[in-house]
Amino acid sequence: MSRICIQFLDRFDSQLVRSEILINIGTFEMELSNNIATALMNSMKNASDWVTFAYDAPFARAVVFGVPIGGHLFVEGLLLVVILFLLSQKSYKPPKRPLTNKEIDELCDEWVPESLIPPINEEMETEAPVLESAAGPHTIINGKEVVNFASANYLGLMGDDKLLESCTSALEKYGVGSCGPRGFYGTIDVHLDCEARIARFLGTPDSILYSYGLSTMFSAIPAFCKKGDVVIVDEGVHWGIQNGLYLSRSTIIYFKHNNMESLQTTLEKVTQDNKRTKKLRRYIVVESVYQNSGQIAPLDEIIRLKEKYRFRVLLDESNSFGVLGGSGRGLTEHYNVPVEKVDIITAAMGHALASEGGFCTGSNRVIDHQRLSSSGYVFSASLPPYLASAAITAIDVIEANPKLLTKLRDNIKTLFTGLLGIQGLKLASDILSPIVFLVLKESTGSMKSDLQLLQDIADRVLKEHSVFVVPSRRSTLDKCKLPVGIRLFVSAAHTESDLRKAYEALKTVAASVLTPQN
């Protein structure tokens with residue numbers, strides 16, 4: 001208002017007139033403010049008088065059935081009536097009418113469906129090199145022969161004449177596939193022969209075959225571990241075990257990688273904190289040779305803790321079967337632990353046996369239970385007969401040629417020793433492990449950046465020196481938190497010159513890529 005008046009006064013030339021009008025405007029504004037304040041005070045006084053009247057009214061001090069009714073009860077009752085009245089009113093709903101074709105078209109144009117898969121980034125678009133020949137100690141990539149350290153052909157049986165002859169005979173006799181699960185006319189006599197041969201080799205009562213290596217863990221773990229069971233797991237286990245544990249819906253507790261103090265602390269805490277633990281099924285799940293680090297599990301200590309705290313042990317021997325022990329019988333032979341002290345043993349046959357599929361071995365009760373409740377066995381088509389025949393022949397070769405194990409260990413030692421002192425990298429694996437695992441001495445702080453550095457090294461080693469090595473890439477579903485690294489699978493078929501070429505190439509490229517500040 002003052003602004004309007006001032007604009008109006010600008011038309012007057014007389015200074016005196018302007019002054020008098022401004023004084024009058026100020027007086028008017030003060031009177032208006034006083035009137036508003038007086039009105040507000042009167043409203044509050046009237047409300048207070050009304051409440052006082054309600055409290056002092058004769059009916060507010062009435063006695064009903066001998067109970068005096070105070071003024072506050074009257075006011076509260078009135079408020080309750082108002083609330084009930086409001087709640088009883090029907091909410092407003094706009095009238096329903098069908099959408100017009102135009103409105104439907106507009107909604108369809110605006111709708112954006114949620115993606116079924118995560119967005120594809122640059123990292124996902126990278127493709128691994130394609131092999132153009134058998135995955136032996138040497139293979140062909142892009143028309144060029146390279147030394148192969150990316151295939152777990154531990155005993156060099158890939159392309160072995162005896163295995164090829166066995167497969168050829170089986171193909172001629174049984175054909176390629178079985179065309180049915182084991183429980184529905186998919187069992188062939190060679191399957192039973194293979195199961196008996198594995199059990200006899202390992203000294204267990206029975207074994208069971210699976211048609212795919214990873215499905216062994218996917219199926220065997222959920223067959224025994226159920227919702228409510230307690231499973232203590234090494235944090236470095238591979239994704240196949242992780243997925244089997246996820247499918248089991250058990251209570252999963254991780255302990256520090258290959259750390260027996262952490263395992264004992266975890267077992268003690270679980271048994272003491274939960275009074276129901278003794279009534280639950282309890283398991284310890286470990287790998288014999290960890291795929292994500294190349295370290296060997298101390299089975300003797302694990303068995304001691306298992307017996308002390310009364311747990312069962314599930315051991316995955318995928319990377320130790322046919323490798324560790326005096327005759328290749330795995331981690332139990334390596335530590336001289338009776339095989340019956342390990343409750344469940346699983347392994348893939350695609351490594352040392354140069355075949356495919358997997359198996360689980362143990363007591364008769366353990367095996368019979370899987371034949372009825374293991375999804376990978378009950379619902380999947382059985383292992384192709386020629387692969388079962390190849391596995392039987394591979395075990396025969398291992399037993400007849402103990403020098404293969406000696407040659408493998410010598411090759412592991414040669415490569416391990418040759419990689420000592422490599423710039424910017426360090427060896428994380430055990431000296432007896434067929435997986436030689438190199439990790440960065442100093443991480444960049446990001447797994448993605450670490451992996452990119454390692455990939456650069458692997459790419460240059462392949463391009464400049466014709467040595468095929470790979471970094472340990474992991475699925476987006478893999479929960480393993482161990483450092484990524486370069487993983488080399490050593491084979492008994494590698495020659496001394498192959499091994500020397502590998503460690504010299506890695507040292508040269510690492511010195512070039514990993515400068516001291518990295």
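Since the model is a prediction, treat every value here as computed from it, not as a measurement.
Taking the charged nitrogens against the carboxylate oxygens, Lys162 and Glu165 have no contact shorter than 4.0 Å, which rules out a salt bridge. A salt bridge does not link Glu442 to Lys426: none of the charged side-chain nitrogens sits closer than 4.0 Å to a carboxylate oxygen. A salt bridge links Glu195 with Arg182: the distance from a Lys NZ or Arg NE/NH1/NH2 to an Asp or Glu carboxylate oxygen falls below 4.0 Å.
Of the options Val190, Leu192, Ile198, a side chain to side chain contact (heavy atoms under 4.5 Å, CB included) to Cys194 is made by Ile198 and by none of the others.
Using modelled atom types, one finds no donor on one side chain facing an acceptor on the other under 3.5 Å when comparing Thr346 with Thr216. Under the 3.5 Å distance criterion, with hydrogens and angles disregarded, no donor-acceptor pair is assigned to the side chains of Ser382 and Ser211. Side-chain polar atoms of His257 and Asn292 form no donor-acceptor pair below 3.5 angstrom. Residues Thr508 and His465 bring no donor and acceptor atom of their side chains to less than 3.5 Å of each other. Donor-acceptor pairing under 3.5 Å is recorded for the side chains of Ser512 and Arg460. Side chains of Glu333 and Ser327: a donor-acceptor N/O pair is present below 3.5 angstrom, by distance only.
Side-chain atoms of Ile188 and Ser178, non-hydrogen and from C-beta on, do get closer than 4.5 Å to each other.
Nearest heavy atom pair, residue Val289 against residue Ser433, reads CG1-OG, 3.4 Å.
With sequence neighbours excluded, the residues satisfying ring-ring contact (aromatic ring centres under 6.0 Å, His included) with Phe218 are Trp239.
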Taking only distance into account, with no hydrogens and no angle test, what donor-acceptor pairs under 3.5 Å do side-chain atoms of residues 401-408 form with protein atoms, sequence neighbours excluded?
unit_1, atom_1, unit_2, atom_2, d
Asn401, ND2, Val397, O, 3.0
Lys407, NZ, Asn411, OD1, 3.0
Lys407, NZ, His494, O, 3.0

Trace of the salt bridge (Lys or Arg N to Asp or Glu O under 4.0 Å) decision for Lys507 with Glu504: CA-CA 5 Å; Lys507 282 186 170 181; Glu504 288 179 353; over 6 Å; no

